Amino acid sequence: IMGSQLKVEDGSVTVQIKGNGPLGAIVCVGDSDGYVRGYLQDPAVDLPLRADGKLNVGGGVGRGYLMVIKDIGLKDPITGTVALVNGEIAEDLTRYFAESEQIPSACALGVLVDTDCTVKCAGGWLVQLMPGVKDADIDRLEANLAKLEPMTAMLDKGMSLEEIISAVLDGFEVDFLQTEEIGYRCACSREKVERALISLGKTELSKMIAEQEKSEVTCQFCDKIYRFSRDQLQELLTHAVEKNKNKKISKKVLTFGVHMDIIILVADSEATRQEENASVLELVEGTFEGRVSIDVRVQVPSTALSES
């Protein structure tokens, strides 16, 4: 639902929940096209049901904080963090919208687990107030929510999403604008895993190469295993070292700014001077790909002046 609110086609929203409960960290990612993925730090935790027979999500999550990270193509992602209310995800998200985004919201989520421990049905809804909403409309919405059945109860009865929305917004004029397919999709790839390995740094990669003949990396979302031989890790290490060298050279040149004054020291001989000057200009022009203007000033040492 939160992913569908993004205004960009390739955006994503990540919800991280870090509590002190036995479930550990929870990470969920939703793309703007409706596909999601997620994982639990400890999915094997077996908690007793609540007194009402429902899953004790709050007991599994515990106390901590909820963080929402929105990637909409900007230089840095947009983040917001709130303390967990009680570990019940819907109530914590409602607090996030109110405190972090200043949007009055109501949210319901539900998962119905079958007798064989499979998910029988799952779903949720999110209602947010627009600026300028009338008090009478707020009162009507609150009355609807007060008598509304739990999400899983409505799904288990066979109610369609349109019928559930009509129950939430009973008394309002509802227009269904569009319907989209949703589902699970993991975005992992070998290229992403290679970048993650490179990001470990030279020391860690060298240690893996020295200690292991073969290495395995498992995706936390889909459990897909990526295998790397020692030679393949060595190639990644070589690439990482080379990339780091190029990055250092680029940084040194970039410190001059967009419009640069390159100072070239005159050498003792004409041939050497021309060769060194050409090398410097070639480095600068190659680094910036011709996108900057360069002023060259020649600085002559006093020894060269005295000899001339």
Side-chain angles (χ1 to χ4, degrees), residues 1-6 8 10-47 55-101 105 107-113 117-119 122-126 151 182-200 204 216-226:
I1 297 174
M2 296 172 68
S4 66
Q5 293 178 315
L6 301 176
V8 293
D10 56 349
S12 66
V13 57
T14 301
V15 177
Q16 296 181 353
I17 300 173
K18 295 188 177 181
N20 59 2
L23 288 175
I26 303 173
V27 178
C28 301
V29 183
D31 297 326
S32 55
D33 57 0
Y35 287 88
V36 297
R37 54 195 176 275
Y39 70 88
L40 293 173
Q41 185 176 346
D42 191 354
V45 171
D46 186 15
L47 294 171
L55 295 174
N56 189 9
V57 179
V61 173
R63 293 291 184 266
Y65 67 88
L66 178 148
M67 176 183 290
V68 176
I69 306 169
K70 294 183 179 181
D71 185 355
I72 55 175
L74 302 177
K75 181 179 179 181
D76 296 311
I78 301 171
T79 62
T81 305
V82 296
L84 293 174
V85 178
N86 55 13
E88 295 291 338
I89 309 301
E91 295 179 31
D92 295 318
L93 285 173
T94 300
R95 178 173 183 173
Y96 160 77
F97 282 115
E99 293 187 4
S100 186
E101 298 193 8
S105 308
C107 178
L109 301 171
V111 178
L112 182 60
V113 179
C117 294
T118 60
V119 176
W125 52 260
L126 174 66
M151 184 69 189
I182 60 174
Y184 172 87
R185 181 179 64 197
C186 186
C188 72
S189 66
R190 189 172 183 85
E191 291 74 18
K192 290 183 179 180
V193 174
E194 289 177 352
R195 291 199 296 269
L197 288 171
I198 292 174
S199 69
L200 294 176
E204 191 64 30
E216 293 183 351
V217 179
T218 303
C219 175
Q220 290 179 298
F221 291 104
C222 67
D223 291 333
K224 183 176 181 179
I225 298 175
Y226 294 88

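All residue numbers in this chain count up from 1 along the given sequence. Quick caveat, the model's predicted, so the values are computed rather than measured. What's counted below: heavy atoms across the whole structure, side chains too, no hydrogens, waters or symmetry copies.
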Only counting residues at least two apart or in another chain, list the ones meeting side chain to side chain contact (heavy atoms under 4.5 Å, CB included) with Ser105. Phe97, Ile103, Leu126, Gln128
For the student: nearest non-hydrogen atoms of Ser12 and Leu6, plus distance: N-CD1, 3.3 Å
Out of curiosity, Leu66 CG to Thr81 OG1, how far, rounded to the nearest 0.5 Å? 8.0 Å
Non-neighbouring partners of Ser100 that pass side chain to side chain donor-acceptor pair (under 3.5 Å), sequence neighbours left out: none
Heavy-atom side-chain proximity of Ile182 to Val36 below 4.5 angstrom: no
Identify, with sequence neighbours excluded, every residue that meets ring-ring contact (aromatic ring centres under 6.0 Å, His included) alongside Tyr226. none
Separation between CG (Leu55) and CG (Leu47), nearest 0.5 Å, reads 9.0 Å
One should read off an interatomic distance between Ile225 CD1 and Thr218 OG1, to the nearest 0.5 angstrom, of 4.5 Å
Identify, with sequence neighbours excluded, every residue that meets side chain to side chain donor-acceptor pair (under 3.5 Å) alongside Thr118. Asp116
Of all the heavy-atom pairs spanning Tyr184 and Phe221, show the shortest one and how long it is. OH-O, 3.1 Å
Quick one: list whatever passes side chain to side chain contact (heavy atoms under 4.5 Å, CB included) with Ala108, sequence neighbours left out. Trp125
Listed partners of Ser189 passing side chain to side chain contact (heavy atoms under 4.5 Å, CB included), at least two apart: Glu191, Lys192
Leu109/Leu93 under side-chain contact (heavy atoms from CB on, under 4.5 Å): CA gap, chis, key distance, verdict: CA-CA 10 Å; Leu109 301 171; Leu93 285 173; 4.1 Å; yes
All heavy atoms of Cys219 vs all of Cys222, minimum pair found to be SG-N, 3.6 Å
Roughly how far apart are Leu197 CG and Arg190 CZ, rounded to 0.5 Å? 9.0 Å
The criterion is side chain to side chain donor-acceptor pair (under 3.5 Å); which residues satisfy it with Gln41, sequence neighbours excluded? none
Please identify each residue that fulfils side chain to side chain donor-acceptor pair (under 3.5 Å) with Glu88, with sequence neighbours left out. Arg50
Asp223 to Gln220 - nearest heavy-atom pair and separation: OD1-O, 4.3 Å
Set of residues satisfying ring-ring contact (aromatic ring centres under 6.0 Å, His included) with respect to Tyr65, sequence neighbours excluded: none
Locate the shortest heavy-atom distance separating Arg95 from Val85; write the atom from each residue and the value. CD-CG2, 3.2 Å
Less than 3.5 Å apart, which donor and acceptor atoms pair up between the side chains of residues 13-23 and the rest of the protein, not counting sequence neighbours?
residue	atom	partner	partner atom	Å
Asn20	OD1	Arg63	N	2.7

For Ala90 against Cys107, the heavy-atom pair lying closest together: CB-O, 3.7 Å
Which pairs of donor and acceptor atoms, one on a side chain in residues 24-34, lie under 3.5 Å apart (sequence neighbours left out)?
residue	atom	partner	partner atom	Å
Asp31	OD2	Arg37	NH1	3.1
Asp31	OD2	Arg185	NH2	3.4
Ser32	OG	Val8	O	3.1
Ser32	OG	Glu9	O	2.4
Ser32	OG	Gly11	N	3.4
Asp33	OD1	Arg185	NH2	3.2
Asp33	OD2	Arg185	NH1	3.4
Asp33	OD2	Arg185	NH2	2.7

To the nearest 0.5 Å, how far apart are OH in Tyr39 and SG in Cys186? 11.5 Å
Show me the pairs that pass salt bridge (Lys or Arg N to Asp or Glu O under 4.0 Å) and involve residues 68-79, at least two apart or across chains. Lys70-Glu101
